[in-house]
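Just so you know, ligand 1 is whichever comes first in the structure, and atom 1 is the first atom listed for that ligand.
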Amino acid sequence: MCGIIACVGPRRTVDRLVTGLENLEYRGYDSAGVAIQNGSGVEVHKRSGRVGELKEEVPLGKQADVGIGHTRWSTHGPPTDENAHPHTPSDENVAVVHNGIIENYSELRDELEAKGHEFTSDTDTEVIPHLVDERLEETGDPEVAFRETVRELEGSYAIAAIMDGHDGLFAARQGSPLVVGLDDDAHYLASDVPAFLDYTDDVMYLEDGDVVVIEEDDLSLTDLSGTPVAREVQTVDWDPSETGKGVYDHYMLKEINHQPTALSNTIQGRADPESETVQLEDFPPETFEDVRDVHFVACGTSYHAAMFGAKMLRDGGISANAYRASEYGLQTDTIDDETLVVAVTQSGETADTLSAMRQAADKGASVVTVTNVVGSTAAREADESLFIRAGPEIGVAATKTFSSQVVSLALLSQRVLGDATTGEQRDDLADFLASLQQLPEHIEQVLDFSAAKRLAQHYSNHNAYFFIGRGVANAVAMEGALKFKEITYEHAEGFAAGELKHGPLALVTDRTPVFAVFTGDEDHDRKTLNNAKEAQTRGAPIVSVAPADHPSLEFADEHLQVPSSSPEWVGLLANVQLQLLSYYAAETLSRPIDKPRNLAKSVTVE
Ligand code: F6R
């Protein structure tokens, strides 16, 4: 949610800022801007629209030793040129970019206006440069002025600032991610590593309360009171080539196609069918001995993956539920010292999920996160982390990370069931793990032979799209509908198959295709099959998403075929078919697939 990039060093700073913004655009794309020290002052270029439009205006190739850039996802004020970051006070001696929300901005704005400051935007951010300007006038010291400003702010923020007459970059973090990149003769600062991964993979994650002043050959890190603090320098193992689109038209298609590789990485060294063991790095045997109840907390696609995790634990006899993180609050009353809370979050920065984790930790629960981002806030705040190893995901619609989350949660579930005295691992664990190892190959088959493109085109001008399933297929139906509505802007809904007859059936007509997901679980499939027939009787075209020779094929109008495997993996394979369906439906409608309107990849506000 909003992306910050900044760099300091004798390089082509403007170009690097713009490239960084392009790599961060998945975090927001309502407006964009940069500010540089041009030798005689602070120079700002900004406008509404995407980075591509900004690129037409900025002086590419211009040398500057320090600069900041921002791509915005609007919270306060619409996406106009005035509301684009960086913001400056009237005499443009300070430029600031900001992610997050300044909660006391209206009081600060009133105070500053009373002192004669004139505001030109609707944003909460604009109080920051005015405040720095005010403190600079009082103290004459840029570092003191910046620190004093930050101390006056309430809310969540990642801030970067430059000031006229000072070659440094000033930054602070409270509740919004910031990471420093360290190169031989340059320093970078960004909301996320892909912004500068082309130049360096040595990084330092800032923590809440950190204030950093970065110069070309110096970096000073302190807390808000000015006391020095130290943060570990880590090397990230993401490959820069993973952050480009490669041969694909969109990141989403690249990431769908990358799933066999991503899943091989997820599984690597963790599952052994022969010895029937699951080994997870930071979870030695007996870690989960005392667990009696598991709460999964997550949002959006991650919530759908969490539904898989909860179902697998319940199947093994442990009480488990998936909660939408934004609605978790009341459930914390049921936490005791035998409760394990598992926060599932691709980015590790989703504010709703972080808030649920903090509520759980306050009540004494053990908190584990299942995340893709090493160094993310979730990873740093959880007691332990299980990394899904999917590699960077740039498309706003989550695809490969969903598959890697489901597999990671399947492995975690079996570990919990193996340790806890109340649970039992699956009887068919050897077969389950063997079929897991075939999963990358099965996904290749789906990618090679999918009829999703033809069906997406065939059904492209219908009224609404419904997805139904039971058990894990219910999670797939909900995920299929979320992906479809997110990138096509068409009305799509996912239902528990049995619920269709309790109301939604009233929406069903011959203009509403129903995608019925079958996993090979006989009891579930038999009932879903009846529900699909009920919809067909009301005129709906039925697409069966199922293995070959499935009984639903006797009456379904169309078939999206998936390889046979354990029901959980069939569900995951069905989801790959539905990812392709959404992708091609959005392509048919010429939607901006990687950057759907109004959305951002990392949602850092509640
Ligand atoms: C949908 C999507 C979102 C995210 C949700 C949680 O395609 O990507 O629904 O799943 O915003 O994000 P994370 O997993 O980063 O916590």
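Taking the six-membered ring for Trp and the full ring otherwise, F296 and Y323 have centroids separated by 6.0 Å or more.
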Problem set entry | Derivation and outcome, side-chain hydrogen bond (donor to acceptor under 3.5 Å, both in side chains), residues T588 and K453 | CA-CA 9 Å; T588 308; K453 185 171 186 172; over 6 Å; no
For this session: Go through the steps for N372 and Q346 under the test side-chain hydrogen bond (donor to acceptor under 3.5 Å, both in side chains), then give the verdict.
Result: CA-CA 5 Å; N372 196 28; Q346 184 284 128; 3.2 Å; yes
Identify all side-chain donor-acceptor contacts of residues 390-410 below 3.5 Å with residues at least two apart in sequence or on another chain.
from, atom 1, to, atom 2, distance (Å)
E393, OE1, T401, OG1, 2.8
E393, OE1, K601, NZ, 2.9
E393, OE2, T399, N, 2.9
E393, OE2, K400, N, 3.3
E393, OE2, T401, N, 3.2
E393, OE2, T401, OG1, 3.1
K400, NZ, H258, ND1, 3.2
K400, NZ, A390, O, 2.9
K400, NZ, P392, O, 3.0
S403, OG, Q259, OE1, 2.7
S404, OG, T266, OG1, 3.0
S404, OG, K400, O, 3.4
Q405, NE2, S302, OG, 2.9
S408, OG, S404, O, 2.7

Report each N/O pair between ligand 1 and the protein that falls under 3.5 Å, naming both atoms.
from, atom 1, to, atom 2, distance (Å)
ligand 1, 7 (O), T301, OG1, 3.3
ligand 1, 7 (O), A398, N, 3.0
ligand 1, 7 (O), K483, NZ, 2.8
ligand 1, 7 (O), E486, OE1, 2.8
ligand 1, 7 (O), E486, OE2, 3.0
ligand 1, 8 (O), V396, O, 3.4
ligand 1, 9 (O), T301, N, 3.2
ligand 1, 10 (O), T301, N, 3.1
ligand 1, 12 (O), T350, OG1, 3.4
ligand 1, 14 (O), S302, OG, 2.5
ligand 1, 14 (O), Q346, N, 2.7
ligand 1, 15 (O), S347, N, 2.9
ligand 1, 15 (O), S347, OG, 2.6
ligand 1, 15 (O), T350, OG1, 3.3
ligand 1, 16 (O), T345, OG1, 2.7
ligand 1, 16 (O), T350, OG1, 2.5

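In terms of the side-chain contact (heavy atoms from CB on, under 4.5 Å) criterion, residue partners of P260 (sequence neighbours excluded) are, by chain and number, P440, I443, E444, L447. Here D315 pairs with K311 under the salt bridge (charged side-chain N to carboxylate O under 4.0 Å, His left out) rule; sequence neighbours left out.
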